[in-house]
Amino acid sequence: MRKIFITMCFCLISSLTFAQELRSPDSSFSLQFSLNEKGTPTYQLKYKGKPVIKTSKMGLELKDSVSFQEGFTIADTKTGTFDETWKPVWGEVSQIRNHYNELALTLDQKSTQRTIIIRFRLFNDGLGFRYEFPEQKNLNYFIIKEEKTQFALAGDHKTFWLPGDYDTQEYSTVTSKLSEIRGKMKAAVTPNSSQTTFSDTGVQTPLMMKSKDGLYINIHEAALIDYSCLSLELDDKNFILESVLTPDAIGNKGYMQAPAKTPWRTIIVSDKAAGILESKLVLNLNEPTKFEDTSWIKPVKYIGVWWEMITGKSNWAYSDLSSVQLGVTDFSKVTPSGKHAANTGRVKEYIDFASKHGFDAVLVEGWNVGWEDWFGKTKDYVFDFVTPYPDFDVKEIHSYAKSKGVKMMMHHETSSSVRNYERHLDTAYKFMVENGYNSVKSGYVGNMIPRGEHHYGQWMNNHYLYALEKAADYKIMVNAHEAVRPTGMSRTYPNLIGNESARGTEYEAFGGNNADHTTILPFTRLVGGPMDYTPGIFETKISAYNPENNSFVHSTLARQLALYVTMYSPLQMAGDLPETYNKFLDAFQFIKDVAVDWDDTKILEAEPGDYITIARKAKGTENWFIGSSCDENGRVSKINFNYLDPSKKYVATIYSDAKDAHYETNPQAYQIRKGLVTSKTKLDQYCAPGGGYAISVMEVKDAAVLKGLKAIK
């Protein structure tokens, strides 16, 4: 690792208000900061001379106190540059450069004799800035009523947006101009288990936009710690976005104690769509890992008792009782429904399949008592996280999985009874360790208990971090569903190996995801961190599992393979049932082969909402894997292989849509072909509507494997 940090300090007289300018290391970005006539902080950002953010106000509104919005003078200015290269514990690349120029402005508010610092970091791919509150005589405890950060946009951009909501991101992305958001909002707000929208023009981050002159712009936040999650309110007449923080049960937005700081507000900009996907700005604005030992944190490929419940083929609950009480209901005397999937025999089938095909772990949902009335009752004592149903033998499963070389993955659904979860957390983690579980999928479905709190408020964000830090004490990795959207904190806490926090594959059984869904998510949700999207659904008609469910997966089978590359995660699930995979073992081979940790990543093609093609180099090997996903229109993908080692030969196996494939009418039509590729190979590959392709590119170590193979054309 190399680090360079140079700081320059300029002490300025208190009346100094002229513009301060900062440029990125490569000078492609320029930032200007100034105080207006009211002493309000403002900034503007340009990229290669083009305006990205026009003059925008900054500040915070406080409760029961003079706000940090005006009356400031510049007391001190510091500039510096920083350059390091660091290695993530897992990731899309083996090393990341963190190179920025910094401007830190100390602002005095004469009327209150208080001081704040606004810190800007300008990278070659964008800007991060935050507010800092030094410890001082006249500033100790304070309450944020609202943050007033603005992003004044330079036009009516094409935008990929979700309705602003304090409790869910599980909406379909809407693609429209900024000016069209108000008119499309009502239709965009579809039902969810917990939702709290706040405005006809409110949207969530990461917010992806494209300007008329071809700039790709992404607004998000980094290092969301002890603070409320950021949303954005659009002034659709002037195209100004202003921050909206998630409130608590009584409407306050944040409780602060100096010294303190806000998360970073991030703006990633590129004149190529690939530049958004390549950016590591959000990760770089987080602190290095807190853990001295990370050897226990390992990427995971898993299967699980899950999809059969999602489709309605099976149940989470053991019985048909409408009401149960933990410690009172005697499940040994309860008549089982006969549809409970998490039983010892069925789980062993999954373990056998995982062992045979080289998977790391098996997830089991519905193993623990309480599922009969877990949802919609705002029930406090809903789960205890350690008591199994009578048909699930924890010790036998542990022993059997261990004998097969497979880890078990724990499931902790909290039903958003967070107080109950925290009461049981130590006991639950100890139980995991004792029974061979080293990773947990946690869930936060439904409205919060304590009542009135929101999924994305400061209180809940502190809970997510508490659960993560507590898990690290037990060497447990966490995959949190329905939690706050990630903000790069996996750098600091690499045991956060997955999040859902978006509309995942499960919605294919609830009416379906739009065909362009997975061409947008890498530009939005994945900007903050990996997603447990749970791909790999081969039986696309849900009625094959549940005749009463007519939903279908809006994807071809070939594209389901591509998602293992395009939807990055160190935690990848083969979501379908073992018996279905046994019907398609030739296609399933790609899921077996594809890596979950990478040395390098190349964005070969990209346009949000249309298509995305990515190549990744498997950790510690010369093997590459390529995935391509397109929208409902289909296309011909044109790629090359110039990233391959020119001194080596490779065998490529291409899993592609058949000529007559279509995500609606013929999704299981695929073809597989093998051939020789080198660094000079070029490929034109057809992608069906809602389709795509996947390619494994394996280094040739034995010339005998080339027998009979022809060059791919």
Side-chain angles (χ1 to χ4, degrees), residues 90-93 277 298-304 306-307 354 357-361 363 479 497-500 502 504-506 508 513 517-519 521-522 525-526 529-540 553-576 580-581 584-606 611-619 621 623-630 637 639 652-657 667 670 672 685 687 690-698:
W90 45 259
E92 297 177 88
V93 292
L277 302 178
K298 299 182 184 301
V300 178
K301 192 186 298 184
Y302 73 106
I303 62 172
W306 170 75
W307 187 241
H357 294 288
F359 281 71
D360 302 302
L363 165 74
N479 167 29
I497 58 167
N499 278 118
E500 182 192 39
T505 295
E506 64 182 352
E508 300 287 12
N513 292 326
H517 189 54
T518 54
T519 69
L521 283 175
R525 161 62 182 78
L526 270 70
M531 180 178 178
D532 183 27
Y533 190 71
T534 62
I537 306 302
F538 284 7
E539 179 47 76
T540 59
V553 181
H554 290 52
S555 165
T556 66
L557 189 152
R559 185 170 79 168
Q560 286 294 302
L561 300 179
L563 299 179
Y564 287 89
V565 181
T566 63
M567 292 293 294
Y568 168 68
S569 180
L571 177 80
Q572 289 284 21
M573 184 184 198
D576 217 326
T580 296
Y581 288 134
F584 302 94
L585 288 176
D586 55 350
F588 185 69
Q589 187 63 44
F590 182 83
I591 298 178
K592 292 173 62 174
D593 291 339
V594 69
V596 286
D597 200 13
W598 309 99
D599 274 337
D600 200 5
T601 291
K602 305 291 184 184
I603 311 301
L604 305 183
E605 304 172 304
Y611 56 84
I612 182 171
T613 308
I614 298 177
R616 302 190 194 274
K617 184 171 179 282
K619 180 78 74 177
T621 76
N623 301 329
W624 289 76
F625 295 87
I626 302 167
S628 185
S629 175
C630 74
S637 169
I639 64 170
T653 305
I654 303 175
Y655 304 79
S656 63
D657 296 316
Y670 64 92
I672 303 173
Q685 181 61 56
C687 300
Y693 62 86
I695 308 175
S696 61
V697 183
M698 305 295 198

Determine, stepwise, if the pair Ile626 / Val697 fulfils side-chain contact (heavy atoms from CB on, under 4.5 Å).
CA-CA 8 Å; Ile626 302 167; Val697 183; 4.2 Å; yes

Pair Tyr693, Thr613 - check side-chain contact (heavy atoms from CB on, under 4.5 Å), show working.
CA-CA 9 Å; Tyr693 62 86; Thr613 308; 3.6 Å; yes

Any chance you could lay out the side-chain contact (heavy atoms from CB on, under 4.5 Å) test for Trp306 and Met573, step after step, and finish with the verdict?
CA-CA 10 Å; Trp306 170 75; Met573 184 184 198; 3.8 Å; yes

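Checked against side chain to side chain contact (heavy atoms under 4.5 Å, CB included), Lys617 has the following partners two or more places apart in sequence or in another chain: Asp599, Asp600, Glu622, Trp624. With sequence neighbours excluded, the residues forming a side chain to side chain contact (heavy atoms under 4.5 Å, CB included) with Ser696 are Phe590, Phe625, Thr653, Tyr655, Met698, listed by chain and number. For Asp532, the side-chain hydrogen bond (donor to acceptor under 3.5 Å, both in side chains) partners two or more places apart in sequence, or in a different chain, are Tyr302, Asn479, His481. Under the side-chain hydrogen bond (donor to acceptor under 3.5 Å, both in side chains) criterion, Thr621 pairs with no residue, sequence neighbours left out. With sequence neighbours left out, Tyr533 forms a side-chain hydrogen bond (donor to acceptor under 3.5 Å, both in side chains) with Asn513. Every residue two or more places apart in sequence or in another chain that forms a salt bridge (charged side-chain N to carboxylate O under 4.0 Å, His left out) with Glu92 is listed here: Arg616. With sequence neighbours left out, the side chain to side chain contact (heavy atoms under 4.5 Å, CB included) criterion links Thr519 to Asp516, Ser629. For the salt bridge (charged side-chain N to carboxylate O under 4.0 Å, His left out) test, residues two or more places apart in sequence or in another chain that qualify with Glu605 are Arg635. For Thr540, there are no side-chain hydrogen bond (donor to acceptor under 3.5 Å, both in side chains) partners, not counting sequence neighbours. Among residues two or more places apart in sequence or in another chain, the ring-ring contact (aromatic ring centres under 6.0 Å, His included) test is passed with Tyr611 by none.
In this structure, Asn499 contributes its side chain and Gly529 its backbone to no donor-acceptor pair below 3.5 Å. Side-chain N or O atoms of Arg525 include one that pairs as donor or acceptor with a backbone N or O of Pro530 at under 3.5 Å. Here the side chain of Asp657 pairs a donor or acceptor atom with the backbone of Gly692 at under 3.5 angstrom. The backbone N or O of Lys301 lies less than 3.5 Å from a partner atom in the side chain of Asp360, making a donor-acceptor pair.
Side-chain contact check for Glu506 versus Thr534: every heavy-atom pair is 4.5 Å or farther apart. Side chains of Met567 and Pro522 form a contact here, defined as non-hydrogen atoms less than 4.5 Å apart. At a threshold of 4.5 Å between non-hydrogen side-chain atoms, the residues Val553 and Phe538 do not count as touching.
Atom NZ of Lys602 sits about 14.0 Å away from atom CD1 of Ile639, to the nearest 0.5 Å. Atom CG of Leu561 and atom OG1 of Thr556 lie 8.5 Å apart (nearest 0.5 Å).
Closest of all the heavy-atom pairs between Ala562 and Ser628 is CB-O, 3.3 Å. Scanning both residues, Ile537 and Gly575, for their nearest heavy atoms gives CD1-C, 3.7 Å. The shortest non-hydrogen separation linking Ile603 to Ile614 is CD1-CG1, 3.8 Å. Smallest separation of non-hydrogen atoms from Gly498 and Leu571: CA-CD2, 4.4 Å. Residue Ile591 comes nearest to Val594 through the heavy atom pair O-CG1, 3.5 Å, listed as atom of the first residue, atom of the second, then distance. The shortest heavy-atom contact between Ile497 and Pro570 is O-CG, 3.2 Å.
Using modelled atom types and a 3.5 Å distance limit, the side chains of Gln560 and Ser555 yield a donor-acceptor pair.
Residue pairs meeting the side chain to side chain donor-acceptor pair (under 3.5 Å) criterion with at least one member in residues 586-595, sequence neighbours excluded, are His357-Lys592, Asp586-Tyr670, Gln589-Asp593. Screening residues 563-576 for side chain to side chain donor-acceptor pair (under 3.5 Å) gives Tyr545-Asp576 as the qualifying pairs, with residues at least two apart or on separate chains.
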